[in-house]
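Computed from a predicted structure; not experimentally measured.
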Amino acid sequence: MIMSRIEAPRDEATGNLVDRLLSGLPPEAVLTDPDVTASYANDMASFCEAGAPAVVVLPRTVEQVQHVMRTATELRVPVVPQGARTGLSGGANASEGCVVLSLTKMDRILEVNPVDRIAVVEPGVVNAALSRAVGEHGLAYPPDPSSWEMCTIGGNIGTASGGLCCVKYGVTAEYVLGLDVVLADGRLMSTGRRTAKGVAGYDLTRLFVGSEGSLGIVVRAVLALKPQPPRQLVLAAEFASAGAACDAVCRIMAGGHVPSLLELMDRTTVKAVNALGNMGLPETTEALLLAAFDTPDPTADLAAVAELCEAAGATQVVPADDAAESELLLQARRMSLTALEAVKGTTMIDDVCVPRSRLGDMLDGVERIAEKYDLTIGVCAHAGDGNTHPTVCFDATDPDESRRARESFDEIMALGLELGGTITGEHGVGILKKEWLAREIGPVGMEMQRAVKAVFDPLGILNPGKLF
């Protein structure tokens with residue numbers, strides 16, 4: 001239900017903004033009902049403030065996005081770009097009185113080119129939809145966040161997201177060849193290329209990837225594709241300790257193996273997944289390691305990894321018999337974060353990435369932090385990347401438990417930095433980790449980051465309050 005701009009309450013400033021927007025947009029693209037606009041205020045992060053949008057705009061064309069940005073520049077109104085709002089750092093949260101620019105209606109796959117192995121897409125294309133579309137051409141778009149059935153390519157680009165297969169195929173940044181970007185003043189800029197090679201000028205494409213909508217609005221992307229690999233087979237290995245599982249990860253990577261997936265779930269996560277989905281995972285394990293190969297002979301690769309897991313102390317190693325059983329194991333891993341949320345009703349999902357050699361230290365440290373704060377903290381991890389997701393489960397209606405959750409979250413990030421890691425491997429900084437970004441990159445780094453922001457957005461209207 002959408003109220004008309006006449007029915008919706010508004011002050012003079014909001015009315016002027018809405019009128020200006022409607023001069024270049026169809027009425028159905030401009031939402032002003034406060035009950036509707038309020039539903040666009042947040043992404044999925046906890047403990048991140050959000051303001052009330054003045055208006056929500058859902059453009060369908062590049063020209064409409066340009067009109068929004070010209071209007072915002074003229075009226076000095078902040079603009080918060082959004083995709084599916086599956087983010088976990090508050091990067092898509094509304095600023096007070098802002099224009100929320102939701103790009104979900106720009107959802108066309110404009111081109112799939114099997115010869116050049118590229119796809120050209122609009123930002124609102126859902127990750128899984130793109131994967132299915134290119135699969136019809138025998139191609140694959142590898143980055144696959146756990147939310148791939150919901151998250152959009154524009155959001156993936158904004159946060160430089162990863163996924164389960166990054167250990168072999170890399171993250172979003174490695175697949176973005178070129179971008180069309182609407183700048184803060186409404187100008188349209190193209191970056192990058194369609195070619196396999198290209199080194200002309202500064203790499204502005206990579207600059208926009210991970211910028212969380214703070215430098216411009218991505219309205220079109222040229223993405224690299226890969227030949228579709230064979231169906232992967234998965235192995236599950238149980239361990240009596242998280243440290244032993246992490247030792248197995250180190251042995252696998254040091255041995256030169258290239259798994260298509262190497263994921264870890266601790267005992268808390270395994271129990272949560274079983275409780276939510278009745279998945280039949282072994283609850284006697286302290287850590288469950290999933291390894292997969294999509295090579296021409298995955299059984300031989302899995303056999304070699306099974307030996308390494310046993311050498312590291314695995315209590316049981318079970319290879320999947322076929323692709324269907326493999327997919328069931330992957331489904332269990334993908335539902336980890338949802339299952340942990342069901343434990344207490346609310347979660348804070350950390351996103352700390354450490355060197356693989358320090359993965360065991362990270363998990364041991366998280367366990368100590370959970371005991372210190374008397375909290376349930378489950379860990380699932382892209383173990384092959386060292387990218388951990390310690391997930392603090394808490395009751396948001398309990399003020400003391402909420403306080404302890406936030407303090408434990410900060411201790412986990414501090415631990416990651418102490419171990420030579422980074423505060424985020426794929427979720428971004430947003431609002432949640434602004435303080436920690438400053439700690440990680442230091443004062444000179446912050447000065448340079450702000451200087452880059454000022455070049456692209458001198459008025460500071462693009463996603464203000466995020467990153468720094």
Side-chain angles (χ1 to χ4, degrees), residues 83-84 86 107-157 159-179 192-198 205-206 209 218 220-235 257-263 290-299 301-302 320 322-331 333-334 382 384-385 387 425-426:
T86 57
D107 59 356
R108 294 179 299 163
I109 298 172
L110 302 171
E111 179 185 355
V112 177
N113 188 318
V115 174
D116 295 331
R117 292 183 181 172
I118 62 170
V120 182
V121 305
E122 293 182 326
V125 172
V126 171
N127 186 294
L130 175 62
S131 294
R132 296 185 183 107
V134 302
E136 296 176 2
H137 298 267
L139 298 169
Y141 178 68
D144 62 340
S146 294
S147 58
W148 76 312
E149 292 283 4
M150 300 178 289
C151 65
T152 63
I153 296 298
N156 294 168
I157 292 171
T159 58
S161 60
L164 304 188
C165 71
C166 295
V167 62
K168 179 174 182 178
Y169 292 104
V171 296
T172 297
E174 295 167 64
Y175 291 87
V176 182
L177 298 177
L179 296 171
R193 63 193 194 279
R194 292 171 57 99
T195 55
K197 292 181 177 180
T205 302
R206 185 62 72 97
V209 178
V218 172
R220 195 166 294 157
V222 181
L223 305 174
L225 305 175
K226 297 284 188 182
Q228 195 169 60
R231 294 290 295 272
Q232 61 184 356
L233 285 181
V234 179
L235 169 151
H257 298 282
V258 187
S260 56
L261 173 147
L262 192 56
E263 297 287 309
L290 303 179
F293 286 87
D294 57 8
T295 52
D297 185 13
T299 54
D301 292 305
L302 289 178
D322 53 30
E325 189 175 347
S326 295
E327 184 54 38
L328 190 63
L329 288 170
L330 298 186
Q331 182 183 347
R333 168 59 185 88
R334 288 185 184 277
H382 308 307
D385 300 326
N387 192 174
E426 57 189 5

Decide yes or no for [X] and [Y]: does some side-chain heavy atom of the first lie under 4.5 Å from some side-chain heavy atom of the second?
X	Y	result
Arg193	Val222	no
Ile157	Leu179	yes
Ile153	Asn127	yes
Leu139	Pro114	yes
Leu130	Ile109	yes

Just verifying a value: how many Å separate [X] [atom1] and [Y] [atom2], rounded to the nearest 0.5 Å?
X	Y	atom1	atom2	result
Arg333	Leu330	CZ	CG	10.0 Å
Asn387	Leu164	CG	CG	11.0 Å
Arg206	Leu177	CZ	CG	10.5 Å
Cys165	Gln232	SG	CD	8.0 Å

### Query
Got more than 12 heavy atoms from elsewhere within 6.0 Å of CZ, Arg117?
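Atom CZ in Arg117 is not crowded, with 12 or fewer foreign heavy atoms closer than 6.0 Å.
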### Query
With distance as the sole criterion, is a donor-acceptor pair present between the side chains of Thr295 and Asp301 under 3.5 Å?
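On atom types as modelled, these side chains qualify, holding a pair under 3.5 Å.
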### Any side-chain donor near an acceptor of the partner, Asn156 and Tyr175, under 3.5 Å
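There is no such pair (donor and acceptor under 3.5 Å, judged by atom type) between the side chains of Asn156 and Tyr175.
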### Message
Taking Arg194 first and then Glu111, would you say they form a salt bridge - that is, a charged N and a carboxylate O separated by under 4.0 Å?
### Response
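Looking at Arg194 and Glu111, the cut-off is met.
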